[in-house]
Number of protein chains: 2
Amino acid sequence: MNEHLTISDNDAIAEQSPSAREQEVLSVVLDLMVEEGDGFSMASVARRASCSKETLYRWYGDRDGLLTATVQWQASKVAMPILDDTNLTLSAFSRTLRDFASSWLTVLTSDVSIALNRLAVSHAGNNKSSLGRIVLENGPYAMRTRLLPIFLKGQKAELIDVRGDEAFRLFFGLVIADVQIRALLGDEKKPTRNEIQEFAQKAVDQFLSLCGKQQNQ
Amino acid sequence: MNEHLTISDNDAIAEQSPSAREQEVLSVVLDLMVEEGDGFSMASVARRASCSKETLYRWYGDRDGLLTATVQWQASKVAMPILDDTNLTLSAFSRTLRDFASSWLTVLTSDVSIALNRLAVSHAGNNKSSLGRIVLENGPYAMRTRLLPIFLKGQKAELIDVRGDEAFRLFFGLVIADVQIRALLGDEKKPTRNEIQEFAQKAVDQFLSLCGKQQNQ
DNA sequence: ATAGAACCGTACCGTACGGTACTGCAATGT
DNA sequence: ACATTGCAGTACCGTACGGTACGGTTCTAT
């Protein structure tokens, strides 16, 4: 956890970005998560990261702390793709949504995301270990937070007409559908790059068709 | 595993329905799954089911066998709701879909289903233990198998126009959306009975609006 | 009535892993 | 040069759990 008890800035805001060495460790954890799921041991982390278990425990307190730090680090890496809001044309709006959907699907079907979500799901059962909450906040909730302003702009430009909540739920369903749960359950048949493109395009078309202002409703 | 090595009908087809005593055991496992997730021990099962660990191992081989038997038993309990296909009106078709969606959402948000899916998701990571596959087959795949003939009838009656695959994906997305993954990640805010009704109705309306023959497309 | 199987309860074993303690080394600051 | 500090590496400890063994009891079949 935060900068190794340097005399200067302890407590403070916490949540500092991890040092290079720490990132090595967290990266190892991420790899092991992908390879072995939740089953990896602290010893295996120490071995592969060439550090001592004692160091792991000094930095992260316990296993759960290490997992939490890893999850938060990974979450912090997903950049917030800001949308330029000057262009209000339907085609630009549609393109933005399509790119977002495509990127979303790509992330969700990546090995790291699958491993992370599996971990969070299994830890959400056992109380303790706020991993589920963290992934929830950095997954669905974060996507919601990113999408709502986009929808709002679309609404302002009279391109769509729908309440924010419903817009998110609808968009989520159309884009993700059964892709994520199937991936989590180990379905080998993951969508290809092309299929993701098609899914994204189709989902956006359907989204606009359902709550767009152009024709129906 | 199957009838305790009675001299008569061993091997045969396997997969016999469990005896009353076995169902007691499996029911205990289900309860423990809901309470403690994957963390429960074989000893706790034996204790609560008032049986010996030795019996558990004789019947199910190992822990994974017990989990598998439990999952399969639970899956076998979900009845296949057959649709009467004489009525081909749009309203009857819509009502059938709505009831299906509503029932689906209710099941997915139940404690047992959440616990079961959590278990399957976490075991899908660790190789071994075909639990993920089993839940996949009895979850999404089974739903698909049940829905496809319904869609086909709707298509025959010229109520909808869409390929079966796409119809399922679309229907799944519109109905489930982010409900399941949020539940799996431990989101406390589960939809109420009323919200489920609304979700189901709205999803069916959207589904028919998107691929129905009445107006657009 | 009696043999045999199933089974409960419990004690037991091996192992794996989370967490701690200790030793030595290497870097840093004075 | 020397003390201090952080860390790698390893040995160690306690515990929890999967799996097995065994004694005693109940049920079943002949």
Side-chain angles (χ1 to χ4, degrees), chain A residues 1-10 16 18-29 32-33 35-70 119 122-123 125-129 131, chain B residues 1-10 16 18-29 32-33 35-70 119 122-123 125-129 131:
Chain A
M1 212 150 331
N2 49 25
E3 274 323 283
H4 311 175
L5 306 178
T6 43
I7 306 102
S8 54
D9 60 332
N10 201 347
Q16 260 158 316
S19 71
R21 184 71 180 108
E22 275 178 295
Q23 293 192 24
E24 282 181 41
V25 172
L26 300 182
S27 168
V28 163
V29 175
L32 286 171
M33 254 183 219
E35 294 171 25
E36 307 185 37
D38 199 6
F40 67 88
S41 66
M42 296 295 278
S44 71
V45 175
R47 204 178 316 127
R48 193 180 293 194
S50 292
C51 71
S52 69
K53 280 172 66 179
E54 191 172 18
T55 298
L56 294 182
Y57 283 102
R58 175 164 9 182
W59 288 358
Y60 305 104
D62 56 9
R63 187 175 195 273
D64 198 67
L66 176 59
L67 295 182
T68 303
T70 305
L119 193 86
S122 55
H123 281 244
N126 323 350
N127 46 7
K128 281 289 168 46
S129 163
L131 274 182
Chain B
M1 213 154 327
N2 48 27
E3 276 319 284
H4 312 172
L5 305 179
T6 44
I7 307 104
S8 54
D9 60 332
N10 201 347
Q16 260 159 316
S19 71
R21 183 75 179 103
E22 275 177 295
Q23 293 193 24
E24 281 181 40
V25 171
L26 300 182
S27 169
V28 163
V29 174
L32 286 171
M33 255 184 218
E35 294 170 25
E36 307 186 36
D38 200 6
F40 67 88
S41 67
M42 295 295 278
S44 71
V45 176
R47 205 177 316 126
R48 193 179 293 194
S50 292
C51 73
S52 70
K53 281 171 66 177
E54 190 173 19
T55 298
L56 294 181
Y57 284 102
R58 174 163 17 197
W59 287 359
Y60 304 105
D62 56 9
R63 188 175 193 273
D64 197 68
L66 177 58
L67 296 182
T68 303
T70 305
L119 193 86
S122 56
H123 281 244
N126 324 347
N127 47 8
K128 282 287 168 50
S129 161
L131 274 183

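The basis for the numbers below is simple: all heavy atoms, side chains too, and nothing from hydrogens, waters or symmetry mates. Naming convention: chains lettered A, B, ... in sequence-line order (proteins, then strands); numbering from 1 in each chain.
- Among the nucleotides C:dC7, C:dG19, D:dA8, the one closest to the side chain of A:Cys51 is D:dA8.
- Nearest heavy atom pair, residue A:Arg63 against residue A:Tyr57, reads N-CE2, 4.4 Å.
- Picking from D:dC7, C:dG19, C:dG9 the nucleotide with the shortest atom distance to the side chain of A:Tyr57 gives C:dG19.
- Following rounding to the nearest Å, A:Asp62 (CG) and D:dG14 (P) show an atom-to-atom distance of 20 Å.
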Between N or O atoms, less than 3.5 Å apart, protein on one side and nucleotides 21-28 of chain D on the other: list the pairs.
unit_1, atom_1, unit_2, atom_2, d
D:dC22, N4, B:Glu54, OE1, 2.2

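- For residues 40-50 of chain A, the side-chain hydrogen bond (donor to acceptor under 3.5 Å, both in side chains) pairs, not counting sequence neighbours, are A:Glu35-A:Arg48.
- Take B:Thr68 and apply the side-chain hydrogen bond (donor to acceptor under 3.5 Å, both in side chains) test, not counting sequence neighbours, and it matches no residue.
- B:Ser129 is linked by a side-chain hydrogen bond (donor to acceptor under 3.5 Å, both in side chains) to B:Asp64, B:His123, counting only residues two or more places apart in sequence or in another chain.
- Distance CG (A:Leu56) to P (D:dA8): 8 Å, rounded to an integer number of Å.
- Atom-to-atom, CD of A:Glu36 to P of C:dA16 comes out at 14 Å; the value is rounded to the nearest Å.
- Along DNA chain C, the nucleotide closest to A:Phe40 and the one closest to B:Ala46 are compared, and the more 5′ of them pairs with B:Ala46.
- Rounding to whole angstrom units, CE of residue B:Met42 and P of D:dT20 are separated by 10 Å.
- Listed by chain and residue number, nothing satisfies the side-chain hydrogen bond (donor to acceptor under 3.5 Å, both in side chains) test with B:Glu54 (two or more places apart in sequence, or in another chain).
- Here the nucleotide nearest the side chain of A:Arg63, chosen from D:dG9, D:dG18, C:dG18, is C:dG18.
- Residues passing the salt bridge (Lys or Arg N to Asp or Glu O under 4.0 Å) test with B:Glu36: none are found, sequence neighbours excluded.
- Between A:Arg21 and D:dA8 there is a side-chain N or O to OP1 or OP2 distance below 4.0 Å.
- At whole-Å resolution of the value, CZ in B:Arg58 and C1' in C:dC8 are 10 Å apart.
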